[in-house]
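See structure below.
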Amino acid sequence: MKTGDWLKKYNIYLKKSLGQNFLATLDYANKIVQKAGITNDDTVIEIGPGAGTLTEALAKTGAKIFAFEIDLRLKPLLKERFQNYANINIQFIDFLKADLSKFNKPKYVANIPYYITSPILEKIFLETPDFQLATLMVQKEYGERMLAKSGKNYSPLSIFVQFFCNVEKLITVPPHAFIPNPKVDSVVIKLTPKHNIPDIDKNNFFKFVHIAFSQRRKTIKNNLKSLFGDKTEDVLKKCNIDPKTRPENISIEKFIEIFAYTK
Ligand code: SAM
């Protein structure tokens, strides 16, 4: 049965407020699971199974699937759809409040609710630092920001994601693949954790990056004045950075170098 048929059967109307754009058929779901390279040895966490289309593609690999869905209306539908699968465990709670401490080296595969993209990433990185990979479908605009190494899409989100992970784009998914059709393309992004994460105060580093980007059209010198005052130019020179550079042209490595002078 297609997603639309399941929704009709249970008389479920999708809610924009929960980021509910469901995959219409198994086609893209199968593609995503295949690109993520899921096998029956894996433990997979899915955020927001919805009507279970991606979940079904995941379950067919034989992997152990743990899904978190906030919308209780989907419970009877998912119960029927997966009544013959022993490898699926669905909890009807807010993923952002889920206890992830029992998971060992999970892989994330999800078409995530767009309105909480950043909190989801934060939770994955900070609460399951041993995760093996995260294959996530996100709005194209978010994907471009995660991938950017400089320029107009480069932002605190790029630095946050690339601090923890290598980022790769797997596929673009057009609006017609979803019910209802979103206005924009989506992309599937693969995040693989880095092993040599710098040993710095992460919280303060990300706060510092936000300050550095507070006015992205202005120079780095201007943005960092509130932190370093008269010494701003000196600090930047010590890091071999032209004070007139814009934040969007400064690499993560250089931001880490400047951050060392905040102490
Ligand atoms: N996986 C399905 C698919 O691809 O067809 C649905 C994806 S839809 C983009 C996002 C799903 O996340 C919806 O089912 C929505 O109800 C659920 N969701 C939204 N906020 C959530 C939260 N805080 N915790 C868990 N699930 C959430």
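Read the numbers this way: they start at 1 and go in the same order the structure lists the ligands and their atoms. Just so we're clear, the structure is a prediction, and the values are computed from it rather than from any experiment. This chain uses plain numbering: 1 for the first residue, then up along the sequence.
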query = Contact between Asn21 and ligand 1, counting heavy atoms under 4.0 Å?
reply =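 In this structure, Asn21 qualifies as a contact of ligand 1 - some heavy atom is under 4.0 Å.
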
message = Please confirm whether Tyr115 approaches ligand 1 to less than 4.0 Å, judged on its heavy atoms.
response =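 Judged by the 4.0 Å heavy-atom criterion, Tyr115 does count as contacting ligand 1.
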
Distance from [atom] to nearest protein heavy atom, with residue and atom:
atom                    : answer
atom 21 (C) of ligand 1 : Ile70 CG2, 3.6 Å
atom 24 (N) of ligand 1 : Phe95 N, 2.9 Å
atom 2 (C) of ligand 1  : Pro49 O, 3.2 Å
atom 19 (C) of ligand 1 : Leu18 O, 3.3 Å
atom 4 (O) of ligand 1  : Asn111 ND2, 2.9 Å

ask   = Taking the inter-plane angle between the rings of Phe213 and Phe255 on a 0 to 90° scale, is it parallel (under 30°), tilted (30 to 60°) or perpendicular (over 60°)?
value = tilted

inquiry  = Check the orientation of Phe163 and Phe206. Use parallel for under 30°, tilted for 30 to 60°, and perpendicular for over 60°.
reply    =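 Ring orientation, 0 to 90° scale: perpendicular.
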
key: Gln215 vs Asn222, side-chain hydrogen bond (donor to acceptor under 3.5 Å, both in side chains): CA-CA, chis, key distance, verdict   = CA-CA 9 Å; Gln215 288 177 286; Asn222 225 299; over 6 Å; no

message = Could you check whether atom NZ of Lys102 has more than 12 heavy atoms from other residues, nucleotides or ligands sitting under 6.0 Å from it?
response = yes

ask   = Should we say atom NZ of Lys35 is surrounded by more than 12 heavy atoms from elsewhere, each under 6.0 Å from it?
value = no

Among Val173, Ile171, Leu26, the one residue meeting side chain to side chain contact (heavy atoms under 4.5 Å, CB included) with Lys31 = Ile171

May I ask you to check if ligand 1 and [X] share an N or O to N or O distance below 3.5 Å?
X      : answer
Gly48  : yes
Glu69  : yes
Ile112 : no

Quick one: which ligand 1 atoms are inside 4.0 Å of a heavy atom on [X]?
X     : value
Glu46 : 1 (N)
Asp94 : 22 (C), 23 (N), 24 (N)
Leu23 : 3 (C), 4 (O), 5 (O)
Gln20 : 13 (C), 15 (C), 16 (O)

message = Considering Pro113, Ala110, Gly19 one by one, which has a heavy atom nearer to atom 8 (S) of ligand 1 than any of the others?
response = Gly19

key: Charged N-O contact under 4.0 Å between Lys152 and Glu248   = no

key: Gap between atom NZ of Lys64 and atom CG of Asp41 - 0.5 Å precision   =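 Going from the CG atom of Asp41 to the NZ atom of Lys64 covers 8.5 Å.
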
Mode of Phe22 contact toward ligand 1 - side chain, backbone, both, neither (heavy atoms, under 4.0 Å) =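 The answer is both.
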
ask   = Heavy atom under 4.0 Å from ligand 1: found in Ile116's side chain, backbone, both, or neither?
value = side chain

query = Would Ile159 and Leu227 show up in the same hydrophobic cluster when neighbours are defined by side-chain heavy atoms closer than 4.5 Å?
reply = yes

task = Please test Tyr85 against Thr55 for side-chain hydrogen bond (donor to acceptor under 3.5 Å, both in side chains), starting from the C-alpha separation and ending with a verdict.
result = CA-CA 11 Å; Tyr85 286 84; Thr55 323; over 6 Å; no

key: Test log, rule side-chain hydrogen bond (donor to acceptor under 3.5 Å, both in side chains), inputs Tyr28 and Thr53   = CA-CA 9 Å; Tyr28 275 103; Thr53 305; over 6 Å; no

